[in-house]
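For ligands, and for the atoms within them, numbers begin at 1 and follow the listed sequence.
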Amino acid sequence: MAQEVKVRAFFGNLYLSYQPLLKAGALLSVNGLVVMAGESKAVEGACKALSGCEEVDLPGRAAGPGFIDSHLHLTGLGLQLNTLDLRSVRSIAELRDKVRAFLQERNPPVLIARGWDHERMAERRFVTRFDVDDLVSDRPAVLVRICGHVGTLNTYAMRQLGIDRLRGSPDVVVDERGELTGVVREDVLLKALRALEPPPEQYMSYVADAARLLLSQGVTTVGFMNVPLRLLTGLLSEARRMMLRMRLYLDVDALGLLEGLGLAGGFGNEWVKVMGVKVFADGSLGARTALLSEPYEDAPGERGKQNVSVEELSEIMSRASRLGLDVAVHAIGDGALDLFLAARAASGAEARVEHASLVRDDQLPGLRGVRVSVQPMFVIEDRGWLKGRLGARRLGLAYRFRSIVASGAIVGLSTDAPVEPTDPWLTVYAAVTRGQGEGCELAKVTPEERLTVPEALHLYTAGSAAVLKDPLIGSLTPGHLADIAVFSQDPLEVSEPADLRTIRNVATFVGGERASGP
Ligand code: ZN
């Protein structure tokens, strides 16, 4: 039986790639794959010669390869779209107002809220169960801090989850009277979230919401971190329908299961692939759990939290590489990067680094050939407290995007959504300006770490594709998938870097099919 062949010619001001800078007036795709790109006359001629070829005039002023967000949390993002967003709260009273209004409006079976940041709240302390118990007494509630490493449970949730039994654990916080505050960290928080999260069918509809948002912003592929195992079959069957390409990283606990199944790396297809597992080497700078080689400036004696030993990490990397699976190692502090580099040397296995927020000069040579996913928006988001954590001397080691690229690392950009917003133009803006307009000290301390617009766009497309080890995406030259993002303005023609933020995504095509826009 003959299969339907879909031939499309796209006309517009097209960037095929940003490094090298290649432009074209049109491209031709056959069954979702770019087969020709060049002057519009030539492509038009080819289109006319092929029966059934459809001509598409791209709206907008320019277009390029779809953005690839190399590290985000699709479940967290979907949840955020369906749960209470606390990022704007500046006091406990405001937080309480939001909780009250949300319960009235949505009446959810479980209250899940995310985004409070004590550094930005008047009280400058963690939220406790005593702040919310009177508002939510008849159902579980969990209020996750912006970093995702700390959260607050109400008394109902604490009882339901038996948190009392974990008393004494460093991840269960008690007050000076020895009473549980409801504040839990790291593993305890992750387990609580797992226990309280919605059933798979509902969760898949949240993921679909997240996919729609990303496509509307021109993101066509994501590195999906910490995929819950129970969503795996749903994702494998639904990604194509959602039209978002997903590259999956499961929690490290799933490694044994993957070994048992004998699942080889890259299991899946061009829409969805099981890449490997994600391991946390440390926590976050905001919560002072990122592992530093020297103590925090604002917490003498504290160096953060080491979640895994060199031996454990190297063992995980060896096991994964035997199966051809990837390992994404969350390493924010320079201490965690030391740990990664040691594990890499010990195992001889390849893996990728997530964040690399703090990198010393002596660590740069070790990054050669290592895949690294960085989040430019952290520069802007962390501006209020970064110097406090690190001190003036170490501030220059933070978010060294250009140095990391120059080290020979393979760098991709990402948002870590829902930690940062998914709009790629905010990330490009942050990478290019280093938050100069927001008064970020990093713009003054390390202006040389700023990226140019083509560099940022290159890392957000081809760079991220390389981090995800995917040769079919990140470029629109022939042989690549026709994943196209259409922009309201030509990003290489903006007069002021600040204007990058005003660029809107007009339409998105994935595999040559319209995924968003008119
Ligand atoms: Zn993350």
Passes side chain to side chain contact (heavy atoms under 4.5 Å, CB included), Val277 versus Asp251? Steps please.
CA-CA 5 Å; Val277 294; Asp251 289 344; over 6 Å; no
Answer yes or no on whether Arg245 is positioned over the face of Trp271, meaning its NZ or CZ is under 6.0 Å from the six-membered ring centre and within 45° of the axis.
yes
Tell me which N, O or S atom from Asp416 is the closest to the Zn ion (ligand 1).
OD1
Proximal heteroatom of His71 relative to the Zn ion (ligand 1) (N/O/S):
NE2
Taking both backbone and side-chain atoms into account, decide whether His73 has an N/O/S atom under 2.8 Å from the Zn ion (ligand 1).
yes
Mutual orientation of the aromatic rings belonging to Tyr399 and Phe401 [parallel < 30°, tilted 30-60°, perpendicular > 60°]:
tilted
Would you call the rings of His355 and His330 parallel, tilted or perpendicular if under 30° counts as parallel and over 60° as perpendicular?
perpendicular
